[in-house]
Amino acid sequence: MTPSTPASIPGYHTSSNFSPRSAASLENKYWPLVQRIKSHIDKHYLSEIDLNATASQLNMSPSYLTHAFKAGTGYSPMQYIIRRRIGEAQSFLLMTDFSMSEIAGIVGFNSLSNFHKVFQKYIGVSPKKYREIYKPNNDT
C-alpha cells in the first residue's frame, strides 16, 4: 500500500516534522537556541557544513552548540544534517524521476556510494528499492 504523503513513510524526516524531545523536559530550556541552530542548518544543509564555522556564525563555541542541540533534540547537529538530507532525498525519490546520482548531489552528498550507504543505514533499504516500494505509478 502506497502512503498518501512521504511524511507518513517510516524514517521520513524533514525540518517540518522535527520537534523537541519532550515539551516538559528540562532539556528544552535550549529550545530557542536549538531553533536558531536548526534554522541555520536548514538554510545551508545542501552545502558542506562546518561545525566550527556554524558555531562562529551563531556566536557560540562548537562544544556548546553540539551540547545544546543534542540536549534539546536528542540528535547531534551532524545527525540532524544527515537526517535532513535523507528526508529530502526521500521526497526527490518519490516525486521526481531524477537519477540516484542527481539526487545525491542535490541533497548534499559528495559521492553516490556515500549516499547509498547512508540512505541504507537510516532507511533500511537502498534508494532504488525505496523508490520501487513507495513511488506511486512507478514504471521504472
Side-chain angles (χ1 to χ4, degrees):
M1 177 176 181
T2 303
S4 58
T5 64
S8 65
I9 299 169
Y12 187 81
H13 179 81
T14 65
S15 68
S16 63
N17 65 2
F18 180 81
S19 62
R21 284 178 145 176
S22 160
S25 76
L26 292 175
E27 287 85 6
N28 287 328
K29 68 182 179 182
Y30 296 111
W31 193 241
L33 179 57
V34 167
Q35 287 295 95
R36 281 183 53 216
I37 297 165
K38 186 179 144 310
S39 177
H40 180 84
I41 291 171
D42 288 343
K43 288 177 187 168
H44 300 94
Y45 76 94
L46 295 175
S47 57
E48 192 69 32
I49 295 180
D50 176 80
L51 196 57
N52 291 326
T54 299
S56 177
Q57 290 169 352
L58 295 173
N59 298 315
M60 64 187 77
S61 73
S63 61
Y64 186 73
L65 181 148
T66 300
H67 171 76
F69 196 84
K70 186 156 187 166
T73 66
Y75 298 117
S76 73
M78 293 313 294
Q79 288 171 320
Y80 176 73
I81 292 165
I82 291 168
R83 289 175 178 274
R84 183 77 166 91
R85 288 175 176 169
I86 293 297
E88 290 300 314
Q90 287 174 293
S91 293
F92 279 106
L93 287 165
L94 299 180
M95 301 190 187
T96 72
D97 290 323
F98 294 165
S99 71
M100 301 302 150
S101 184
E102 289 172 310
I103 293 171
I106 290 169
V107 300
F109 284 91
N110 304 10
S111 74
L112 182 58
S113 64
N114 188 41
F115 170 63
H116 277 272
K117 181 177 79 170
V118 172
F119 194 96
Q120 176 87 33
K121 177 182 176 185
Y122 279 82
I123 305 303
V125 297
S126 71
K128 181 180 179 186
K129 186 71 173 174
Y130 181 87
R131 181 179 265 171
E132 289 171 0
I133 293 169
Y134 292 108
K135 187 171 182 180
N137 303 320
N138 188 12
D139 296 329
T140 53

Closest heavy-atom pair and its distance - [X], [Y]:
X      : Y      : result
Gln90  : Ile123 : NE2-CD1, 3.5 Å
Ala55  : Leu65  : CA-CD1, 3.7 Å
Pro127 : His116 : CD-ND1, 3.4 Å
Ile106 : Leu46  : O-CD2, 3.0 Å
Arg131 : Phe92  : NH2-O, 3.7 Å
Met100 : Lys128 : CE-CA, 3.7 Å

Ser101 and Ser99: CA distance, side-chain angles, deciding distance, side chain to side chain donor-acceptor pair (under 3.5 Å) verdict: CA-CA 5 Å; Ser101 184; Ser99 71; 4.9 Å; no
Under the side chain to side chain donor-acceptor pair (under 3.5 Å) test, residues paired with Gln120 that sit two or more places apart: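 Not a single residue meets the side chain to side chain donor-acceptor pair (under 3.5 Å) criterion with Gln120.
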Side chain to side chain contact (heavy atoms under 4.5 Å, CB included) between Leu94 and Tyr130, worked out: CA-CA 9 Å; Leu94 299 180; Tyr130 181 87; 3.9 Å; yes
pair Gln79-Thr73: side-chain heavy atoms closer than 4.5 Å: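 Side-chain contact under 4.5 Å: no.
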Hey, what do you get for [atom1] ([X]) to [atom2] ([Y]), rounding to the nearest 0.5 Å?
X      : Y      : atom1 : atom2 : result
Tyr64  : Phe69  : OH    : CZ    : 13.5 Å
Ile82  : Tyr75  : CD1   : OH    : 12.0 Å
Ile49  : Arg85  : CD1   : CZ    : 5.5 Å
Phe119 : Ser126 : CZ    : OG    : 8.0 Å
Met60  : His67  : CE    : NE2   : 12.0 Å
Tyr80  : Asp42  : OH    : CG    : 3.5 Å

Any donor-acceptor pair under 3.5 Å from Arg84 side chain to Tyr45 backbone: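 Side chain of Arg84 to backbone of Tyr45: no pair is present.
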Pairing residues for Ser56 by the side-chain contact (heavy atoms from CB on, under 4.5 Å) criterion, not counting sequence neighbours: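 In terms of side-chain contact (heavy atoms from CB on, under 4.5 Å), with neighbours along the sequence ignored, Ser56 is linked to no residue.
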Worked verdict on Lys121 versus Ile86 for side chain to side chain contact (heavy atoms under 4.5 Å, CB included): CA-CA 10 Å; Lys121 177 182 176 185; Ile86 293 297; over 6 Å; no
Residues that His44 engages under ring-ring contact (aromatic ring centres under 6.0 Å, His included), provided they are two or more places apart: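 Listed in chain order: His40.
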